[in-house]
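Reviewing the structure listed below.
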Amino acid sequence: MDGSTNSLDDVSGSSAEYPDRVSMMEGRLQAQEDEIMLLKSSLADALRRLRLHDQLIPLLKQQIIAVNPAASRVLNQVYCSDGFSSSRKLSSSSALDSPRHPATSQVLNSTEGENGSNGDSPGLIHKTPTYDRATQTDLTPLVQDQELDRVPLALTRPVQSLSLEDALPEGMSLTEEARAKFHHIQGLELEEKDEEGEEKDLSWASSVEEAIHPTAIRNLQRDDLQDPNGSTESLSSASQTPISGSPAPPKDLSASPRSGPLSTILEGKKKPLARRNSEKLVKDPQEKTKKLLDKKAASSANLLNRSPSQESRTKDLIARAGSPGSRRGTQGQSIKMFIRGRPITMYVPSNIQNYEDLRMEPPVEKLELDWVYGYRGRDCRANLYLLSSGEAVYFIACVVVLYHINNRTQRHYRKHTDCVRCLTIHPDKVRVASGQTAGVDKDGKPLQPYVHIWDSSTLITLQQIGLGTFERGVGSVAFSFADAGAFLCVIDDSNEHMLSVWDCAKGTKHTEVKSTNEAVFAVEFNPSDSTNIITCGKSHIYFWTLSAGSLTKKQGIFGKYKKPKFIQCFVFSLTGDVLTGDSEGNILTWGKSPGDIKTLGKGAKETFQIMRQTRAHDGSVFTLCMLQGGALLSGGGKDRKIIRWSADLAPERECEIPEKFGAVRCITDVNGEEVLVGTTRNAILRGTFSDGFVAIVQGHVDEMWGLATHPSQDVFLTCGHDRQVCVWNTAEHKLDWCTTLEEYGLCADFCPNGAVVSVGLSTGRWLVLDLQTKEVISDYTDGNEQLSVMRYSPDGSFLAVGSHDNFIYVYNVTECGRRYSRYGKCNGHSSFITHLDWSKDGKYIMSNSGDYEILYWDVAGGCKLLRNRYESKDREWASYTCVLGFHVMGVWLEGSDGTDINALCRSHSERVVAVADDFCKVHLFQYPCPKPKAPNHSYEGHGSHVTNVRFTHCDSHLLSMGGKDTCILQWEVKRAGTSDGGDRTHSASITSSPEP
């Protein structure tokens with residue numbers, strides 16, 4: 001720092017005495033080298049705070065007067081003429097661009113010494129750069145940088161003209177030699193003497209003759225300790241005894257977040273010395289300059305407290321608001337956000353006057369689960385039952401659905417924290433047991449699996465079974481029948497497939513035993529004897545006996561029959577025999593046989609052997625269902641047939657389900673004639689042998705990504721890796737129509753007229769489908785990589801296609817969305833396109849990419865990249881689906897890696913924004929949401945990463961789509977005071993983080 005506000009006390013008298021005074025000053029400075037170093041560092045920090053707050057100037061005045069009472073005359077004149085308490089501020093642009101004030105030049109010139117003059121522009125102070133926390137850009141020296149708009153006018157006026165001459169008697173001046181000796185840096189003198197012939201370095205000259213009183217220095221140091229957070233908005237106390245006759249010092253004096261003198265020097269170690277609007281610093285080599293500054297920093301390290309390091313600041317996900325003008329060439333505020341160490345600059349819109357004063361509140365709107373589309377039949381068995389209430393119970397993702405097959409209504413049990421894997425009903429057909437898989441939370445910590453026993457009429461959980469006992473997940477569950485469901489048998493997914501029996505009333509474990517290392521598909525109690533349990537799976541069927549609190553098993557003997565690879569399912573006949581369906585397409589009848597005394601001797605025990613083999617299906621027998629009269633239903637895999645068998649296993653009737661629904665996964669009897677059929681393509685069919693079957697539940701069968709809502713109707717479209725494009729009706733909760741493509745679809749958007757929809761595919765192709773005829777009316781290709789986003793302009797005159805080849809292709813749209821011609825290509829992203837939105841006037845595009853870029857494009861001007869992103873800060877957007885932007889910055893959690901948020905969508909009312917994350921949750925934030933740690937409502941239900949969210953045209957519903965769970969959840973948007981609570985009040989876990 002310069003010595004612009006320091007004066008001298010002993011400089012007076014005649015010109016004849018002047019040389020002696022200079023010699024005395026030089027000797028005193030040499031004797032107090034360490035104290036001067038402390039003084040310079042402390043004053044540098046004090047002056048930096050002086051520029052921020054006018055209240056510090058009176059304190060400095062007291063210190064100067066205390067050192068040299070003779071200087072009070074000069075100070076009083078300056079203070080009176082300049083109005084030192086003025087609160088006016090200069091903008092950064094005017095401070096940087098306007099000519100320097102003469103007084104400022106005078107002060108700067110006063111810092112030049114004899115050996116430091118090397119041709120630099122006069123008045124430039126040689127100083128290591130500091131770094132702005134919000135913008136991470138180098139700040140210029142004292143009078144050129146660091147928010148000059150916040151510097152009081154008094155500091156840019158004659159108050160900075162204090163110099164050696166101000167304290168000399170009238171008519172007396174300094175010679176150049178005397179001036180140089182006085183301004184010589186003693187802290188560097190010894191270092192420079194070691195290298196003869198080299199020029200000396202001048203840095204941070206301080207025109208001080210005597211040291212400030214130690215009390216003042218201690219007060220400055222104490223200020224550094226009082227505010228470890230480095231806030232510039234509040235002043236911490238500077239405890240100091242006021243000098244008699246002087247105004248009391250300010251009570252608050254806080255450390256600046258802009259690094260103090262020490263941190264500035266330390267940062268100078270990391271980066272080469274750089275300065276704006278200046279020439280070469282000194283004639284010495286840069287290495288010597290760095291060496292001298294390093295030594296200087298080391299000597300100061302024991303004197304000052306360290307400021308927060310630059311490294312720790314860059315670890316913050318979101319930096320606080322930058323100061324006005326902290327980025328050269330801009331006028332407003334900017335926010336810097338960090339993802340994986342990459343800075344992303346957001347510009348604050350003009351209508352936000354004070355970013356720090358913004359307060360984020362959770363939205364008044366809330367979500368309530370309205371409908372679940374889909375069923376998990378692809379990889380689960382025995383998961384469809386009919387309750388006494390007339391509701392079919394099944395599961396998908398983390399939700400157990402109770403669907404009334406006649407009233408076509410749904411209720412939902414949502415107490416599970418991860419995907420439900422198995423299901424069974426109590427003999428009373430009211431209570432239900434459901435088991436889930438193990439999962440991990442967002443921090444990677446495992447979530448333990450368990451079984452819930454709950455009441456289907458009230459959706460209240462009665463018992464939680466096995467928390468902390470099961471490994472990986474629960475594979476199969478079964479209630480006992482002979483004792484009215486007193487026990488529950490559970491098999492987990494551990495390597496040993498542990499079989500355990502639990503007391504349903506107490507929730508305690510009765511017994512446990514290792515089952516087998518092979519996969520287990522099913523478990524059941526003997527309906528007439530609760531001490532007998534049967535399990536089946538890969539290459540085995542075991543008959544278990546529960547006795548005296550322990551389980552023993554006997555393996556079924558295949559004998560002369562071919563041993564199948566899988567025993568897929570089994571049921572108990574009315575005669576007590578066990579019927580199994582296997583992967584060979586056979587139905588095997590098992591029974592007890594007395595011990596073979598001839599072969600095994602007198603100690604031979606009874607065995608379970610195959611009594612009969614019945615050929616049933618081509619391919620596997622996936623399910624068996626026993627009807628009330630003793631008849632049997634079997635469902636085939638490869639042949640997709642459902643066959644009705646008589647009690648003696650004679651085939652009576654059969655039918656084949658359509659190929660588009662897949663193979664038969666499970667069958668449930670409705671009334672002896674009508675049945676429900678779950679299929680491997682995630683559909684549930686209802687029907688009879690005579691009337692055929694119709695789908696009452698349908699869903700996707702593979703990962704989904706594409707989601708679009710109709711601009712004026714209660715319709716939405718989905719597409720995914722199963723190559724299906726499905727159009728759904730949100731009001732009637734059904735699938736309107738579905739078509740299969742050659743490649744899988746990843747993105748889609750409806751034309752604003754609602755007549756056509758465009759679907760982007762995985763190969764660079766995109767199709768235009770007519771909603772009425774369901775036919776493809778246009779087929780185009782852009783590049784050879786997958787497409788990630790399709791977006792029509794608000795008036796439908798343009799279509800933007802975002803690709804993984806880093807380009808955005810823009811098309812002219814004519815003939816009501818039926819004709820397309822290439823308009824241009826947006827070229828500028830360095831990674832694949834992830835999201836894009838149109839401005840309300842349809843002239844501009846905002847886009848995000850895989851490397852966290854935010855770019856703006858002038859489409860009307862020829863798809864040109866807008867280099868000055870600051871100009872787009874006030875632009876209004878027709879939609880907001882970009883996950884990166886000022887208005888949605890608060891949706892990102894601290895420590896996010898850039899892929900944690902897959903999609904977001906602003907409501908048409910621009911009141912809320914919905915977010916789909918990688919942790920199976922849907923979030924609802926208020927809009928705009930520009931501050932970190934914004935409070936929100938969080939909703940569970942998905943069992944996989946949520947890939948997309950969209951509001952319907954009137955904002956009455958929100959659609960969310962899971963990835964691997966193949967589940968579509970339809971949420972009703974409830975305004976404050978309209979939610980009816982009921983069984984869904986637990987569905988929303990409201991997460992409110994503290995205000996930043």
Side-chain angles (χ1 to χ4, degrees), residues 318 358-372 397-399 411-418 441-443 459 707 709 730 880-881 883 885 887-894 896 900-952 954-962 965 967-996:
I318 300 175
L358 290 178
R359 292 190 60 84
M360 295 289 99
E361 301 289 343
V364 296
E365 292 83 357
K366 295 183 179 181
L367 300 181
E368 183 177 299
L369 186 59
D370 177 50
W371 200 264
V372 177
C398 302
V399 183
R411 295 187 297 139
H412 312 100
Y413 178 78
R414 300 177 53 202
K415 295 291 188 178
H416 287 283
T417 58
D418 213 296
D441 61 13
K442 65 179 182 180
D443 298 322
L459 300 180
L707 174 63
T709 54
T730 60
Y880 213 119
T881 61
V883 298
H887 295 85
V888 296
M889 187 172 61
V891 306
W892 289 90
L893 298 177
E894 187 172 356
S896 296
D900 293 340
I901 293 179
N902 297 313
L904 62 79
C905 180
R906 183 191 67 190
S907 64
H908 298 88
S909 64
E910 302 186 11
R911 293 173 51 89
V912 294
V913 58
V915 175
D917 70 14
D918 251 0
F919 310 114
C920 314
K921 291 182 175 60
V922 176
H923 302 267
L924 201 63
F925 293 83
Q926 78 170 31
Y927 180 88
C929 183
K931 299 197 74 173
K933 299 181 181 179
N936 65 92
H937 303 306
S938 177
Y939 300 89
E940 299 178 347
H942 286 287
S944 175
H945 53 289
V946 186
T947 58
N948 218 331
V949 286
R950 285 291 183 272
F951 285 96
T952 56
C954 58
D955 292 337
S956 61
H957 292 85
L958 174 74
L959 285 309
S960 64
M961 194 162 61
D965 65 15
C967 176
I968 304 170
L969 300 183
Q970 179 174 312
W971 308 85
E972 184 178 359
V973 180
K974 292 281 190 179
R975 269 59 178 184
T978 61
S979 179
D980 56 5
D983 58 274
R984 300 167 186 171
T985 56
H986 63 272
S987 64
S989 62
I990 302 175
T991 59
S992 297
S993 302
E995 187 73 9

N/O donor-acceptor pair under 3.5 Å between H908 side chain and T952 backbone: yes
Regarding E894 and K933, does a basic nitrogen lie under 4.0 Å from an acidic carboxylate oxygen? yes
Euclidean distance, L904 CG relative to L924 CG, rounded to 0.5 Å: 11.5 Å
So which atom in E365 and which in V912 form the shortest heavy-atom distance, rounded to 0.1 Å? OE1-CG1, 3.2 Å
Tightest non-hydrogen contact, residues G943 and C920, listed as C-SG, 3.8 Å
Donor-acceptor contact present, side-chain Y927 to main-chain S907, <3.5 Å: no
So which heavy atom on S896 is nearest to which on L893, and how close? OG-O, 2.6 Å
Partners passing side chain to side chain donor-acceptor pair (under 3.5 Å) against T881 (at least two apart in sequence or in another chain): R791, D837
Please name all residues satisfying side chain to side chain donor-acceptor pair (under 3.5 Å) with D918, sequence neighbours left out, ordered by chain then number. N902
Kindly indicate, with the supporting measurements, whether the criterion side chain to side chain contact (heavy atoms under 4.5 Å, CB included) is fulfilled by V913 and Y880. CA-CA 9 Å; V913 58; Y880 213 119; over 6 Å; no
Yes or no on side chain to side chain contact (heavy atoms under 4.5 Å, CB included) for L958 and V922, after CA distance, side-chain angles and deciding distance? CA-CA 10 Å; L958 174 74; V922 176; 3.9 Å; yes
Indicate yes or no: at least one non-hydrogen side-chain atom of D917 is less than 4.5 angstrom from one of H923. yes
Going by side chain to side chain donor-acceptor pair (under 3.5 Å), name the residues that satisfy it together with S944, two or more places apart in sequence or in a different chain. none
Sorted by chain and residue number, the ring-ring contact (aromatic ring centres under 6.0 Å, His included) partners of H416 (sequence neighbours excluded) come out as Y413, Y450, H452
Could I get the full list of side-chain contact (heavy atoms from CB on, under 4.5 Å) partners for Q970, not counting sequence neighbours? D370, W371, Y373, F716, T730, H733, H957, L959
Would you mind telling me which of H942, R414, E940 makes a side chain to side chain contact (heavy atoms under 4.5 Å, CB included) with V399? R414
Between the OG1 atom in T947 and the CE atom in M961, the distance rounded to the nearest 0.5 Å is 4.0 Å
Indicate yes or no: at least one non-hydrogen side-chain atom of V888 is less than 4.5 angstrom from one of P928. no
Using a strict 4.0 Å threshold on nitrogen-to-oxygen distance, state whether K366 and E368 make a salt bridge. no
ring-ring contact (aromatic ring centres under 6.0 Å, His included) against H945, all qualifying residues, sequence neighbours excluded: W705
For the side chain of N936 and the backbone of F925, is there at least one donor-acceptor N/O pair under 3.5 Å apart? no
Examine distances only and state if a side-chain atom of K931 and a backbone atom of R359 form a donor-acceptor pair shorter than 3.5 Å. no
Got a donor-acceptor contact below 3.5 angstrom from the D418 side chain to the C398 backbone? no
Do S960 side-chain atoms and V949 backbone N/O form a donor-acceptor pair below 3.5 Å? no
Short side-chain to backbone donor-acceptor contact, H887 and C929, under 3.5 Å: no
Say whether, by atom type as modelled, one donor and one acceptor occur between the side chain of W892 and the main chain of V883 under 3.5 angstrom. yes
Report the distance from atom NZ of K921 to atom NE2 of H937, rounding to the nearest 0.5 Å. 16.0 Å
Under the criterion side chain to side chain contact (heavy atoms under 4.5 Å, CB included), which of V364, V973, D955 is the partner of R911? V364
Any heavy-atom pair between the side chains of Q926 and M360 that's under 4.5 Å? yes
